[in-house]
Structures are given as C-alpha cells and as structure tokens.
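A short write-up of the structure that comes next.
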Amino acid sequence: MKITIIPATDLIEGHCVRLTQGDYARQTIYYRDPLEAALRFEGTGIRRLHLVDLDGAKASEPCNLRTLERIATRTSLEIQYGGGIKSREALHSVFDAGARRAICGSIAVSRPELFAAWLTEFGPERLILGADIRDGRVAVKGWLETSPTTADALIRQFLPHGLEQVICTDISRDGMLCGPSAELYADLQRQFPTVEITVSGGISSMDDIRRLDRQQLRSVIVGKALYEGRITLQELERCLQNE
C-alpha cells in the first residue's frame, strides 16, 4: 500500500482518550501516559503521529504542550499537532515544543487572512488545514460550533496561498467504527489534486484502509480501531513492512 497510516492520540488532561462523534461527555481513557502509546506505534515502523489537544480546542490555546514535548524528545515520530492554535504565539509554542506540523481549523474559518499569512510565513509543508465536517459544514471550536462554510469552499480559499495539506474529519463517523465516507474524500482529492487530503473518521479495519488506498487517497488517520484492537499493532507492522 502507498497510503500513509497516521495513528491518532487525543489528549485530555494529559491522558490519551477517544471521543465518540466529538462528544466530550463520551470519552474513554486508553493510556494514562500518551508516551506509552507513541512508543508502541513507533515500534511498528509508524513515522507520523496525529496529536490533538482537546483541552486546547476548548480553551482556544494549547494546553498539552508538555505532553507534546515529551513525545517529541523521546521518539523520532513526526508529530502533527492541533487544538487551540489561534495566534502566532501559540503556533510558535507548538513548533518550539517539537511538532513538525501544526493543524489549524477554527482560525482558518474565523480569521482566514491570518491563516493565509501563516502559510506564507511558515510554509505549506508545516501547516495543515483542518476541515472537520458535520452535516456538510465545517465545525469549529473543538466541534462545539458549526460554521456555514463547506469543506471544498474552505480548501479553495487557501489554494492561492500554497495550501498542500488538509485533514478532513467526518464527525458523524468519528469513533463509530462504521467505515469512512470514502466517496467524500475521493471527491475532494479529485477536486484538489495538488492537495494531500487526509482521511479521518470511521476507520474500522485494515480493509477500510486498503479501499482508501485503491481510491488513491494519500494518508489516513486511525484512532479508535487501534485502541479497541480492530487493527492490531502486528497488522500495522506487517502492512508497513510490505510498503
């Protein structure tokens, strides 16, 4: 397979958790210390980690930078970090703590001129647009509010500024283990061939990932399926060895 598999670690109060459909009241703690999960993923040959600061998303500023720094210094994983990045200072703090890439969602909707400026200043290789979708519209502020903007309109807005990376999450499928909205992602990838569309939400098995790979999607985020054993670390390791 050519598709890049990126495990997800969501952080609340320094713990590794998963939410169901973005609902903070429906959370399960899988690791008290997220570094343990990161080391296990690294041991399979995984190269990238998706780290989401759920506290930061609610607080509108990064809250789990110490955890980010521990994982960045104790592993060789390329970390993409999102949650609460609403200012240039916050963006710098995330990079200083060891993130290779920063994910920006709400700020791209509320202050598009600022995100466009960051693309120019920091480079599109370091910034990822987060387009999280509920009922066809982009959700913001930790998925607690929904904007009138669609994913394709948001992506199109930043193409002139060099946008290269987008994570699109189907919130209705997130944590549900029901399979991804493959056609949604394939359609976005066809519309925007110069942009890497990362699939997020609903992955339940390696078969889901193989289907996405056949549809020429380039990367996929896997969360609950890994933590619930639907995809084992052994399967992950075998898949990576056969790349």
Side-chain angles (χ1 to χ4, degrees), residues 4-85 90 93-103 105 128 130 132 141-144 167 169 171 173-178 198 200-206 209 220-237 239-240:
T4 298
I5 300 172
I6 310 169
T9 297
D10 293 353
L11 302 173
I12 291 182
E13 297 179 353
H15 304 314
C16 170
V17 308
R18 294 300 294 169
L19 304 185
T20 299
Q21 294 182 311
D23 187 346
Y24 282 73
R26 300 163 69 191
Q27 64 172 269
T28 302
I29 296 176
Y30 288 101
Y31 288 90
R32 293 286 174 183
D33 185 356
L35 175 61
E36 182 183 349
L39 288 167
R40 289 188 176 188
F41 295 142
E42 184 181 36
T44 69
I46 282 289
R47 295 184 293 273
R48 287 170 64 178
L49 179 68
H50 180 72
L51 207 57
V52 180
D53 184 348
L54 293 175
D55 297 313
K58 290 181 75 172
S60 294
E61 62 179 5
C63 296
N64 284 279
L65 292 175
R66 184 172 297 179
T67 300
L68 165 61
E69 189 169 15
R70 286 184 68 234
I71 295 174
T73 55
R74 295 282 299 277
T75 75
S76 60
L77 294 168
E78 296 181 11
I79 301 171
Q80 53 193 45
Y81 187 95
I85 302 174
S93 71
V94 166
F95 287 144
D96 289 345
R100 182 74 60 88
R101 301 172 180 87
I103 306 158
I128 302 173
D132 302 332
K141 297 185 178 178
W143 298 352
L144 299 176
I167 294 172
T169 301
I171 296 171
R173 294 177 182 249
D174 188 70
M176 299 302 290
L177 299 170
C178 58
T198 298
S200 173
I203 299 299
S204 65
S205 67
M206 287 302 301
I209 297 175
V220 57
I221 290 170
V222 185
K224 194 171 185 179
L226 277 169
Y227 296 109
E228 294 284 346
R230 300 289 190 95
I231 297 174
T232 67
L233 294 179
Q234 290 78 13
E235 283 182 298
L236 204 57
E237 188 169 17
C239 172
L240 293 168

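- Taking each heavy atom of Gln80 and Ile128 in turn, the nearest pair found is OE1-CD1, 3.7 Å.
- A donor-acceptor contact shorter than 3.5 Å links the side chain of Glu235 to the backbone of Thr232.
- Residues Leu19 and Ile12 are in side-chain contact: their nearest non-hydrogen atoms beyond the backbone lie under 4.5 Å apart.
- In this structure, the side chains of Ile103 and Ile85 stay at 4.5 Å or more apart for every pair of heavy atoms.
- Using the six-membered ring where Trp is involved, Tyr227 and Tyr31 have ring planes that are perpendicular, over 60° apart on the 30 and 60° scheme.
- Between the side chain of Glu237 and the main chain of Gly45, no donor-acceptor pair closer than 3.5 Å is present.
- Taking every heavy atom of both residues into account, Thr67 and Gly14 meet most closely at OG1-CA, 4.0 Å.
- A 4.5 Å side-chain heavy-atom check between Leu240 and Ile46 finds at least one atom pair inside the cut-off.
- Summarising the geometry, atom CD1 belonging to Ile6 is positioned 5.0 Å from atom OG1 belonging to Thr198; distances are rounded to the nearest 0.5 Å.
- Here CD1 of Ile203 is found 10.5 Å from CG of Leu226. Values are rounded to the nearest 0.5 Å.
- Side-chain atoms of Tyr24 come within 3.5 Å of backbone N or O of Leu54 as a donor-acceptor pair.
- In this structure, Leu68 CG and Leu11 CG are separated by 8.5 Å, a value rounded to the nearest 0.5 Å.
- How far CZ of Arg40 is from OG1 of Thr75: 15.0 Å, rounded to the nearest 0.5 Å.
- Looking at Arg18, His15, His50 one by one, the single match for side chain to side chain donor-acceptor pair (under 3.5 Å) with Asp10 turns out to be Arg18.
- Applying the 6.0 Å contact sphere to CZ of Arg48 captures more than 12 heavy atoms from other residues, nucleotides or ligands.
- At distances below 3.5 Å, at least one donor-acceptor pair connects side-chain atoms of Thr73 with backbone N or O atoms of Arg70.
- Arg74 CZ: 12 or fewer foreign heavy atoms inside a 6.0 Å radius.
- Counting heavy atoms from C-beta outward, Ile167 and Arg101 have side chains that stay 4.5 Å or more apart.
- The backbone N or O of Asn64 sits less than 3.5 Å from a side-chain atom of Asp53, completing a donor-acceptor pair.
- Put simply, CD1 on Ile29 and CD on Glu13 are 8.0 Å apart, with the number rounded to the nearest 0.5 Å.
- For the residue pair Ala38 and Leu77, the shortest heavy atom distance occurs at O-CD1, 3.6 Å.
- Ser93 and Pro62 make their closest contact through OG-CG, 4.2 Å (heavy atoms, listed as atom of the first residue, atom of the second, distance).
- Between Phe41 and Thr9 the shortest side-chain heavy-atom distance falls below 4.5 Å.
- The two residues Cys63 and Tyr81 come nearest to each other via the heavy atoms N-OH, 4.4 Å.
- From Ser204, atom OG reaches atom CD1 of Ile231 across 7.5 Å, with rounding to the nearest 0.5 Å.
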